[in-house]
Amino acid sequence: MSDYFGKEIPKLGFGLMRLPKKAFGMDLEQIKKMVDLFIENGFTYFDTAFVYAGSESAIKKALVDRYPRESYTLATKLNAFLLAPTEKAAKNQFYTSLERTGAGYFDYYLLHALMNNNYKKYERFHLWDFVAKQKAEGKIRHLGFSFHSGPDLLEQLLRDHPEVEFVQLQINYADWENPSVTSRKNYEVARKYGKSIVVMEPIKGGNLANPPKEIEKIFKKLRPELSCASWAIRFAASLDGIITVLSGMSNIAQMEDNISYMKNFKPLNDEEQKIIQQAQRILGRSATIPCTGCRYCVEGCPKQILIPDIFSAVNLQLGNGQMNSARERYSEVAPEGRRASDCIGCKACESACPQHLAVTQYLRNAVELFE
């Protein structure tokens with residue numbers, strides 16, 4: 001349990017990016033059960049965003065309409081990079097989020113996914129001043145931003161905007177020294193400026209729930225009762241200055257697993273830290289594609305190729321040698337007209353990717369592997 005801004009917040013947060021779905025929309029009944037289970041076990045932090053399709057409306061029905069407003073913490077985000085062609089459209093995201101959620105105000109509000117290729121748009125659209133005004137009017141309690149670039153830009157933003165109270169950073173043991181994600185360096189910059197941190201992607205889009213077999217083996221040898229995902233979440237939660245660690249839970253089983261080791265959270269001990277370091281060394285040799293499945297790349301793809309799903313198929317082969325399963329998965333997610341070979345090389349995906357991946361090259365590799 002951490003005490004930030006005068007309010008105690010448990011170290012596990014519910015990320016609402018990957019909510020369970022049915023054929024024609026959200027699986028609202030399952031979402032309600034997940035919300036109930038989460039709150040019954042003492043957890044309170046819910047994180048959504050304007051661009052998470054259906055998420056804000058679902059959380060209104062599953063949470064806001066069913067629980068007293070002061071009993072939970074709700075965070076959402078304004079994304080000037082996606083679905084915001086004009087300043088007016090960007091600012092209207094805030095009002096739309098208020099209407100969708102029915103929350104009245106947001107406990108935590110973030111400018112979303114700032115990177116080198118988009119942060120100037122937030123300035124050009126005067127969004128820093130806009131959200132500061134909403135905070136002054138009581139519609140935002142705490143102001144921050146989520147971030148997907150390197151330490152130099154992070155330092156610049158924190159220096160230029162001292163009004164920021166917290167930052168949301170991608171932190172996991174796989175990316176701690178990753179030169180593209182720079183988790184450790186970004187964490188150190190945030191702490192240098194005295195900022196508290198909300199952690200996103202602690203399981204790296206689910207990848208660390210199913211790591212290479214060599215890593216799973218060393219985890220199970222020391223703590224056979226714990227899931228691989230638990231190591232990833234506890235690694236992030238063990239750092240100083242962490243408000244909460246978001247897990248994008250998609251079903252009740254994932255939530256029950258997370259609750260089992262986070263309800264009475266204990267930081268990693270010295271022996272466990274050494275196992276994490278061993279896992280990091282193994283991952284340094286891994287050829288898997290470090291995609292988190294955020295799906296921002298799909299939004300702007302002119303061919304609507306399901307890039308994260310193709311990469312997950314590739315990783316079945318690269319990570320675990322499951323070639324038959326990989327081929328089956330590829331045939332399911334890459335129908336005619338939306339295959340890796342249909343990529344036209346426009347690189348809109350690479351501009352949108354928070355992980356800064358060479359997406360088109362990885363798609364060419366998928367062609368060689370499956371086609």
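Values below: every heavy atom of this structure, side chains too, minus hydrogens, waters and symmetry copies.
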Determine whether the side chains of [X] and [Y] contain a donor N or O and an acceptor N or O closer than 3.5 Å.
| X | Y | result |
| --- | --- | --- |
| Asn116 | Tyr119 | no |
| Gln156 | Arg159 | no |
| Glu56 | Ser97 | yes |
| Asn315 | Thr288 | no |
| Asn251 | Gln30 | no |
| Asn324 | Glu328 | no |
| Ser183 | Gln170 | no |
| Ser180 | Gln355 | no |
| Tyr67 | Asp36 | yes |

Hey, can you tell me if His161 and Trp128 have their rings parallel, tilted or perpendicular (30° and 60° cut-offs)?
-> parallel
With a 4.5 Å limit on heavy-atom distance, are the side chains of [X] and [Y] in contact?
| X | Y | answer |
| --- | --- | --- |
| Ile215 | Leu283 | yes |
| Ile305 | Ile310 | yes |
| Arg141 | Tyr105 | yes |
| Ile39 | Thr44 | no |
| Cys294 | Pro308 | no |
| Leu169 | His148 | no |
| Phe81 | Leu114 | no |

Decide ring pair (Phe, Tyr, Trp, His ring centres under 6.0 Å) for Phe38 and Phe46; before the verdict, give the C-alpha distance in whole Å, the side-chain angles of both, and the deciding distance to 0.1 Å.
-> CA-CA 10 Å; Phe38 195 68; Phe46 296 82; 5.2 Å; yes
Does Asp309 come within less than 4.0 Å of Arg295, counting only side-chain N to carboxylate O?
-> yes
Quick one: do Glu165 and Lys135 make a salt bridge, cutoff under 4.0 Å?
-> yes
Count the heavy atoms belonging to other residues, nucleotides or ligands that lie under 6.0 Å from NZ of Lys220, then report whether that count exceeds 12.
-> yes
Atom NZ of Lys61: over 12 foreign heavy atoms under 6.0 Å = no
May I ask you to establish whether Arg100 and Phe50 are in a cation-pi arrangement, using a distance under 6.0 Å from NZ or CZ to the six-membered ring centre and at most 45° from the ring axis?
-> yes
Would you check if the distance from the ring center of Tyr45 to the ring center of Phe14 is below 6.0 Å?
-> no
Centroid-centroid under 6.0 Å between Phe94 and Tyr109 rings | yes
Worked check of salt bridge (Lys or Arg N to Asp or Glu O under 4.0 Å) between Asp107 and Arg69 | CA-CA 10 Å; Asp107 300 277; Arg69 182 63 185 89; 2.9 Å; yes
Option from Arg184, Lys192, Arg191 for which salt bridge (charged side-chain N to carboxylate O under 4.0 Å, His left out) with Glu188 holds = Arg184
With distance as the sole test, does Ser250 use its side chain to make a donor-acceptor pair with the main-chain N or O of Arg18 at under 3.5 Å?
-> yes
Walk me through it: do Tyr330 and Phe370 pass the test ring pair (Phe, Tyr, Trp, His ring centres under 6.0 Å)?
-> CA-CA 7 Å; Tyr330 182 75; Phe370 299 126; 4.7 Å; yes
Separation between CG (Leu111) and CG (Leu143), nearest 0.5 Å, reads 6.5 Å
